[in-house]
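Step one of this worksheet: look at the structure below.
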Amino acid sequence: HWNNFFLRFCLRLVKNMKAYPFVLHINCKTFPFQNKVSLKPTAQPVSTCSFDSLSPEELLVFDSLRDVILWPETPSLKSNFSLNDTSDPRQSSFTILPRTGRGNWRVGDQLQVSIRIRDFHGRPKKSGGDVLLARLHNSTFHAGVAGHVVDHRNGSYSAFFSLLWEGRAQVEVVLVHPSEAVTVLQRLTEEQPDRIYFKSLFQSGSVSETTTCNVCLTGTQQNFCKYTDLRTGEPWFCFKPHKLDCDARISHAKGGFRQNLQSTEEKLFQCGVNMKVSIPASGPKNIDVLPNPKGKPQDGNGMTVKARPSGYYYKGAWQALDGTRVHQFNSSTISQCLKGKAVHIYGDSTVRQWYEYLTNSLPDLNEFDLLTSKQSGPLMALDYVNKILVTFRSHGPPIRFASSPVSQLHYVANELDSVIGGTNTVVVIGVWSHFSTFPVEVYIRRLLNIRKAVARLLSRAPGTTVVIRTANPKEMTLYESLTNSDWFSLQRDKILREIFRKTNVRLVDAWEMILAHHLPHKLHPESDIVKNMIDVLLSFVCPVADF
């Protein structure tokens, strides 16, 4: 086991040396029995990166997740590549395949769609790796369900849909990114993990300085301030000020974004051309679904069901398929459900949206002005009559918010360790969006720390309800695709689900709830979708049978 670990460690160093001029040299001549590490002093620049210091446990988890986030090989790009040779959504097409055994489509069947990707010349692509999203919907019934896309790695794809309502069902397939764009996104993460950077203000008396901070910095060893959290081991680095000590740091803020793309590469991220563009049908794009005469799902009309959705919309309301009966809550029933409860929300702005929804929906839930940032918090609201407490606090760095005091930047795992818990406590966690530009190792470490804290919380207070919000698709521009692309979000979403798969937490599937809805994809979804998310959350807290 340790021999394999040491070999992986050597390989990771070799891989990282392509991007960073490390001065750490490993003597592997006596491997595997007398491994010697020698440090050669040098004045050359060095890189310090939080994802180069994974523990043996974290490395094992990372290795186990490789298959979960494995993406088909994408085309390599020459400096003078032609856009005409890349995936074109308008030249591509999808085809609805006939029902197995022929006959009419019925509720409970599984619909299969074949997708063929072509380039701007109309030539079939020979490789996979395109980012595709698919949904089935009916605008009259306000119904929709996410499809499951399978990449055959030869330019063809299949999308599978569960037929869950009677009547018309229309297929929609969207090209989010051509495979060539994924090549660029992968390279950016490997070569420019610090393309989003942060700033910290250092101050002592009348002297103040601002320096750059990040999960990865390049300089001399003496120029770094290392802010490793003592409890979680989460590292963070800033350049040391010229005149002040490292302990003079008082604030954290988003610094900026460095874009380093060739002009030809920018053409791969064009709205309305090859990014978030619908693919046309080669024939009918609608089917008519009849009732199931047996009154039971047919489980894919004899086919192997490729993937079961977590739920679907019907008449605008989310219907969960995991056994949860989703109740439709109004202000009165929300107050009734949360009476005597504390709801603690931790994470990014996508769960801060839930805090804002609750404070706006409950007339007796009054927000206290704690004189803190409205972006990062901490925020608190109290309904004294019904004894309802709702709080929000952002997760620790990396966090792309406006300036916040360093004293208020807390890691979620540490916050969970301070929660008493119990049957009247609800914990909501949403951590994903701000990790998109960094290597997945950074995200894995953060989730492992949170998972351990959740396990400790549920061990001392088993009745605590813990709910995690997943990632979601969003609107795409060039900037958004390079910093928070759906492809990045999809990878992190898979990691989150796998890490918490065997834990006693509930998931609000934001990915499918936004993908299946008729409203446009947004990082912060419209109020109709947020209401459905809150309905799912409260149905976990107050099951319909008991409520």
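Remember, predicted model here, so these are calculated numbers, not experimental data.
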Does the plane of the ring in His395 sit parallel, tilted or perpendicular to the ring in Phe435? Use 30° and 60° as the thresholds. tilted
Using only heavy-atom distances, determine whether the side chains of [X] and [Y] contain a donor-acceptor pair under 3.5 Å.
X: Asp348; Y: Ser433; result: no
X: Glu512; Y: Ser310; result: yes
X: Lys276; Y: His521; result: yes
X: Thr74; Y: Ser179; result: no
X: Ser376; Y: Ser404; result: yes
X: Asp229; Y: Asn414; result: yes
X: Lys199; Y: Thr212; result: yes

Exam field: side chain [X] to backbone [Y], donor-acceptor pair closer than 3.5 Å:
X: Arg195; Y: Leu188; answer: yes
X: Thr470; Y: Ala510; answer: yes
X: Thr483; Y: Tyr479; answer: yes
X: Ser489; Y: Ser485; answer: yes
X: Asp486; Y: Lys474; answer: yes
X: Ser64; Y: Val61; answer: yes
X: Glu209; Y: His242; answer: yes
X: Thr477; Y: Glu480; answer: yes
X: Thr189; Y: Leu185; answer: yes
X: Glu475; Y: Leu523; answer: yes

Is the shortest heavy-atom distance from the side chain of [X] to the side chain of [Y] under 4.5 Å?
X: Asn532; Y: Ile529; answer: no
X: Tyr355; Y: Glu367; answer: yes
X: Cys213; Y: Cys225; answer: no
X: Val343; Y: Thr391; answer: no
X: Thr264; Y: Ser79; answer: no
X: Phe500; Y: Ile450; answer: yes

Report the residue from Phe237, Trp236, Tyr227 that forms a ring-ring contact (aromatic ring centres under 6.0 Å, His included) with Phe198. Trp236
Stepwise side-chain contact (heavy atoms from CB on, under 4.5 Å) test for Val440 and Ile495: CA-CA 9 Å; Val440 294; Ile495 289 171; 3.8 Å; yes
Can you pull out every salt bridge (Lys or Arg N to Asp or Glu O under 4.0 Å) where at least one residue sits in residues 260-273? Sequence neighbours excluded, please. Arg187-Glu265
Which pairs count as salt bridge (Lys or Arg N to Asp or Glu O under 4.0 Å) when at least one residue sits in residues 232-258, sequence neighbours excluded? Glu234-Arg446
Using a cut-off of 6.0 Å, state whether more than 12 heavy atoms not belonging to [X] lie near its atom [atom1].
X: Lys522; atom1: NZ; answer: no
X: Leu70; atom1: CG; answer: yes
X: Asn360; atom1: CG; answer: yes

Quick one: do His524 and Thr350 satisfy side-chain hydrogen bond (donor to acceptor under 3.5 Å, both in side chains)? Show the steps, please. CA-CA 6 Å; His524 304 109; Thr350 62; over 6 Å; no
Are the aromatic ring centres of [X] and [Y] under 6.0 angstrom apart?
X: Trp432; Y: Tyr443; value: no
X: His344; Y: Phe392; value: no
X: Phe401; Y: His434; value: yes

Exactly one of Leu362, Val428, Leu365 should register a side chain to side chain contact (heavy atoms under 4.5 Å, CB included) with Val390. Which one does? Leu365
Name the one of Val454, Thr423, Thr425, Ile420 that satisfies side chain to side chain contact (heavy atoms under 4.5 Å, CB included) with Thr464? Thr425
Using the salt bridge (charged side-chain N to carboxylate O under 4.0 Å, His left out) rule, take Lys341 and Asp383 through it: C-alpha gap first, then chi angles, then the decisive distance, then the call. CA-CA 10 Å; Lys341 292 181 172 60; Asp383 178 345; over 6 Å; no
Using the rule given for disulfide bond (SG atoms under 2.5 Å apart), can you reason through Cys238 versus Cys246, listing the C-alpha separation, both sets of side-chain angles and the distance that settles it, and then say yes or no? CA-CA 8 Å; Cys238 293; Cys246 292; over 6 Å; no
Stepwise, does the salt bridge (charged side-chain N to carboxylate O under 4.0 Å, His left out) test hold for Asp528 with Lys531? CA-CA 5 Å; Asp528 285 354; Lys531 181 196 182 305; over 6 Å; no
May I have the step-by-step check of salt bridge (charged side-chain N to carboxylate O under 4.0 Å, His left out) for Arg445 and Glu441, ending in yes or no? CA-CA 6 Å; Arg445 166 183 280 152; Glu441 293 94 321; over 6 Å; no
Begin with the C-alpha distance, continue with both residues' side-chain angles, and end with the deciding distance and a verdict on side-chain contact (heavy atoms from CB on, under 4.5 Å) for Val182 and Val131. CA-CA 8 Å; Val182 175; Val131 185; 3.6 Å; yes
Please evaluate residues Asp417 and Arg231 with respect to the criterion salt bridge (charged side-chain N to carboxylate O under 4.0 Å, His left out), reporting the C-alpha separation (whole Å), side-chain torsions for both, the decisive distance (0.1 Å), and the verdict. CA-CA 10 Å; Asp417 283 337; Arg231 295 171 65 181; 3.4 Å; yes
